[in-house]
A.B. asks: 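The following block contains the structure, expressed as structure tokens.
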Amino acid sequence: MNNQNIYVLQKSLLIPYWVVPILGLALLALICFFLSKSHRFGMKRAIFCLSIVAATIVFATALNWVALVSQLFNAYILFLLVYAYSVKKDNTFPIHKKHLVAFTVIGILLLSFILRCDRLLTMQNSPLDPDAITYRILALKATHFFDSDFREPLFVFLIKLYIKVFGNEASTLRYLTVFLSIISIYLTYVVGRGMFRLYFIGLASAFLMAINSYLIFMSVHLLRLELFIICILLLFYYLFVRKGDTIQRHILVGISGAACSLTRITSLSFVIPFILFSAWRNKSSISKCLLSIAITIIIVLPHFVNNKRKFGSYTYSVDIHAKWYRNYEFKDKPGFPTSKELEKNSYAGSPVTSYQYIFGLHSLGTVFKRSVKGFFKIFFQRRFFGHNYLLFCLYLLGLCSILMTEQRFLVGTMIFMIGPTAFLVGTLAIDKRLVMHLYPFKAFITSYFMVTAAKYLYSRVGLKNMLKSHFFQSQMGKGT
């Protein structure tokens with residue numbers, strides 16, 4: 001469905017504003033009547049009511065019926081709470097656990113969809129970002145998967161497929177990264193629940209991702225950021241959550257590692273170390289570990305070959321960004337492009353590799369100082385939490401407490417994923433989107449402290465028996 005068809009659908013369903021709340025109340029009245037026929041809020045009735053409300057929320061959000069959306073979402077939360085209370089009252093949580101958790105996840109995803117569509121409305125008439133325009137042009141020109149010029153091919157190919165189905169208009173294309181953002185939130189729940197073996201940590205992490213103002217802002221800009229988060233979460237799922245030393249798991253690890261690298265090629269610097277670390281941590285066989293690495297390299301290799309064939313350098317897709325950073329830092333200085341030259345071409349000037357930019361143009365002392373400064377900014381600046389003091393404090397407490405658990409390796413993986421980006425953050429006033437892929441891990445750390453503290457308080461103040469929360473029990477098997 002292209003943008004014109006969406007407009008026609010909206011126009012054909014256009015009704016007076018005062019009718020919309022009445023429609024919402026009528027729907028809720030029908031559901032309440034349906035519930036009144038039973039003395040219990042049983043599983044089938046709960047699934048029916050919550051499914052109807054959820055589907056209506058998606059439909060109303062797509063048509064921008066703001067008044068109806070807010071009513072329906074409040075109703076969804078109300079029905080979910082009634083369902084949870086009914087389960088608690090009947091002491092049937094083990095039977096209803098799967099559905100209750102599932103509809104909680106759906107509620108978080110609905111909230112993320114509503115917030116992102118609201119942001120999308122403010123961007124409908126805005127032009128695409130320069131990088132997004134480049135992605136669209138490359139997608140239209142591409143003749144095969146690896147034909148993506150100096151960009152990594154996975155996101156370009158995804159845009160090409162999306163254009164074939166939904167059209168090429170900017171307002172339509174923005175929906176692609178909105179949907180990718182929602183998928184990343186679901187995977188945050190899956191990985192958080194599996195890694196800590198607690199449903200609440202997965203749910204809290206997904207909720208923090210859903211309401212993060214910066215993630216909402218970036219989700220409508222048609223950039224590869226959301227896809228990169230998805231690929232990293234998939235890699236972590238197969239490396240650290242999914243158990244078993246099977247061939248299938250190692251093949252999926254290799255494919256996930258390749259997906260990360262074909263979204264952002266610098267990922268190879270941490271994908272291979274993560275595979276080796278996971279093999280050591282899980283005591284996997286060396287041959288299967290090497291299989292994962294081989295699959296990653298084989299899939300990514302054509303991209304390097306394409307770089308060599310078109311630009312004369314295997315690492316051109318990495319080095320082109322080094323040229324941009326060099327020009328940004330040294331513009332108007334002797335031997336470097338001027339501001340006027342960069343207005344015409346931001347990649348002007350002589351070629352430079354990433355190694356030459358970092359270590360050739362800076363002393364080792366400068367690299368060390370700026371890298372330390374960058375790591376400090378990335379880990380300890382509250383701007384990554386939208387300047388929210390409460391969340392920032394919870395994150396710092398979580399960072400301290402998680403170092404005393406078996407999940408302390410998360411901090412090490414974050415440092416690896418930052419890598420040379422710390423030098424760039426410490427050198428240039430760069431947009432924090434370069435480290436946006438760390439947001440799920442910051443959410444895990446924050447949620448870990450929140451859930452651990454809540455568990456402790458419940459047991460200390462005598463609420464444990466009253467709440468009887470099975471969410472706090474370790475979930476060893478498969479969940480939602």
A.B. asks: Drop me the distance from Lys377's NZ to Lys373's NZ, to the nearest 0.5 angstrom.
C.D. replies: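 Lys377 atom NZ to Lys373 atom NZ measures 4.5 Å (nearest 0.5 Å).
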A.B. asks: OG/Ser148 to CG/Leu154 distance, rounded to the nearest 0.5 angstrom?
C.D. replies: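 With rounding to 0.5 Å, OG (Ser148) is 10.0 Å from CG (Leu154).
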A.B. asks: More than 12 heavy atoms of other residues, nucleotides or ligands under 6.0 Å from OH of Tyr347: yes or no?
C.D. replies: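 Correct, the count exceeds 12.
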A.B. asks: Going by atom types alone, do Asp319 and Thr353 pair a side-chain donor with an acceptor below 3.5 Å?
C.D. replies: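 On atom types as modelled, these side chains do not qualify, holding no pair under 3.5 Å.
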A.B. asks: Under 3.5 Å, is there a donor-acceptor pair between the side chain of Arg174 and the main chain of Val220?
C.D. replies: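 It does hold such a pair.
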A.B. asks: Would you say Asn327's side chain and Leu342's backbone share a donor-acceptor pair under 3.5 angstrom?
C.D. replies: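 Judged by distance alone, no pair lies under 3.5 Å.
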A.B. asks: Can Asp147 and Lys141 be counted as an ion pair, charged N to O under 4.0 angstrom?
C.D. replies: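 The answer is no: the pair does not qualify as a salt bridge.
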A.B. asks: Strictly under 6.0 Å, is that where the ring centroids of Tyr448 and Phe196 end up?
C.D. replies: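 Yes - the distance between ring centres of Tyr448 and Phe196 falls below the 6.0 Å cut-off.
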A.B. asks: Does Phe207, at its CZ atom, have more than 12 non-hydrogen atoms belonging to other residues, nucleotides or ligands within less than 6.0 Å?
C.D. replies: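 Counting neighbours around CZ of Phe207, 12 or fewer heavy atoms of other residues, nucleotides or ligands fall under 6.0 Å, so no.
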A.B. asks: Answer yes or no: is there an ion pair linking Asp131 with Arg151, defined by an N-O contact shorter than 4.0 Å?
C.D. replies: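 The answer is yes: the pair qualifies as a salt bridge.
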A.B. asks: Is any side-chain N of the basic residue among Glu341 and Lys331 closer than 4.0 Å to the acidic one's carboxylate O?
C.D. replies: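 Looking at Lys331 together with Glu341, the answer is no, because their closest N to O distance does not fall below 4.0 Å.
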A.B. asks: Can you see whether Tyr314 has Lys308 sitting over its ring - NZ or CZ less than 6.0 Å from the centre and within 45° of the normal?
C.D. replies: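 That pair qualifies as a cation-pi contact.
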A.B. asks: Report the distance from atom OG1 of Thr413 to atom CG of Leu410, rounding to the nearest 0.5 Å.
C.D. replies: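 With rounding to 0.5 Å, OG1 (Thr413) is 5.0 Å from CG (Leu410).
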A.B. asks: Could you tell me whether the side chains of Ser205 and Ser447 share a donor-acceptor contact shorter than 3.5 Å?
C.D. replies: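 Yes, Ser447 and Ser205 have a side-chain donor paired with an acceptor closer than 3.5 Å.
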A.B. asks: What verdict does the ring-ring contact (aromatic ring centres under 6.0 Å, His included) test give for Phe236 and Phe274, after you've listed the backbone C-alpha separation in whole Å, the side-chain angles of each residue and the deciding distance to 0.1 Å?
C.D. replies: CA-CA 9 Å; Phe236 264 74; Phe274 284 179; 5.6 Å; yes
A.B. asks: Would a 4.5 Å heavy-atom cut-off, applied to side chains only, mark Ile216 and Asp118 as touching?
C.D. replies: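 Result no, sub-4.5 Å side-chain heavy-atom pair not found.
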A.B. asks: Anything under 30° is parallel, anything over 60° is perpendicular, the rest tilted; go ahead and classify Phe73 against Tyr76.
C.D. replies: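 Ring orientation of Phe73 relative to Tyr76: parallel.
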A.B. asks: As an exercise, state the distance from CD of Glu169 to CZ of Arg136, rounded to the nearest 0.5 Å.
C.D. replies: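 Separation between the atoms: 9.5 Å.
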A.B. asks: Starting at CG of Leu225, measure out to CE of Met436 and round the result to the nearest 0.5 Å.
C.D. replies: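 One gets 4.5 Å once the value is rounded to the nearest 0.5 Å.
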A.B. asks: Is there side-chain contact between Met209 and Pro440, with heavy atoms separated by less than 4.5 Å?
C.D. replies: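 The answer is yes; the side chains approach within 4.5 Å.
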A.B. asks: Measuring from atom CG of Asp149 to atom OG of Ser317, what distance do you get when rounded to the nearest 0.5 angstrom?
C.D. replies: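 Separation between the atoms: 10.5 Å.
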A.B. asks: Are Leu233 and Tyr237 close enough that some pair of their side-chain heavy atoms sits under 4.5 Å apart?
C.D. replies: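 Counting from C-beta outward, Leu233 and Tyr237 never come under 4.5 Å.
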A.B. asks: Taking the six-membered ring for Trp, are Phe380 and Phe392 closer than 6.0 Å centroid to centroid?
C.D. replies: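 No - the distance between ring centres of Phe380 and Phe392 does not fall below the 6.0 Å cut-off.
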A.B. asks: I'd like to know whether CG of Asn125 has more than 12 heavy-atom contacts from other residues, nucleotides or ligands below 6.0 angstrom.
C.D. replies: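 Incorrect, the count does not exceed 12.
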A.B. asks: Tell me which one of Tyr357, Tyr328, Tyr325, Phe330 satisfies ring-ring contact (aromatic ring centres under 6.0 Å, His included) with Phe336.
C.D. replies: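 Checked Tyr357, Tyr328, Tyr325, Phe330 against Phe336; only one passes ring-ring contact (aromatic ring centres under 6.0 Å, His included): Phe330.
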A.B. asks: Between Phe150 and Phe311 (judged by ring centroids, cut-off 6.0 Å), do the two rings come close enough to count as a pair?
C.D. replies: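 Ring centroids of Phe150 and Phe311 are no less than 6.0 Å from each other.
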A.B. asks: Centre-to-centre under 6.0 Å for Phe157 and Phe146, is that the case here?
C.D. replies: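 No, the ring of Phe157 stays outside the 6.0 Å limit from the ring of Phe146, centre to centre.
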A.B. asks: Do the ring centers of Phe217 and His221 come within less than 6.0 Å of each other?
C.D. replies: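 Between His221 and Phe217, which both carry aromatic rings, the centre distance is below 6.0 Å.
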A.B. asks: Considering only NZ, NE, NH1 and NH2 on the basic side and carboxylate oxygens on the acidic side, decide whether Arg370 and Glu329 come within less than 4.0 Å.
C.D. replies: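 Yes.
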A.B. asks: Do other residues, nucleotides or ligands put more than 12 heavy atoms under 6.0 Å from Lys164 NZ?
C.D. replies: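 For Lys164, atom NZ is not crowded (no more than 12 foreign heavy atoms under 6.0 Å).
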A.B. asks: Parallel, tilted or perpendicular, judged at 30° and 60°: which one describes the rings of Phe409 and Phe277?
C.D. replies: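 Tilted, since the angle between the ring planes falls between 30° and 60°.
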A.B. asks: Answer yes or no: is there a side-chain heavy-atom contact under 4.5 Å between Phe444 and Val191?
C.D. replies: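 When only atoms from C-beta onward are counted, Val191 and Phe444 do touch, with a gap below 4.5 Å.
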A.B. asks: Indicate yes or no: at least one non-hydrogen side-chain atom of Ser350 is less than 4.5 angstrom from one of Arg326.
C.D. replies: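 Yes, at least one pair of side-chain atoms sits under 4.5 Å.
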A.B. asks: Are Ile265 and Phe304 side-chain neighbours, meaning at least one heavy-atom pair lies under 4.5 Å?
C.D. replies: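 A side-chain contact exists here, since the closest heavy-atom pair is under 4.5 Å.
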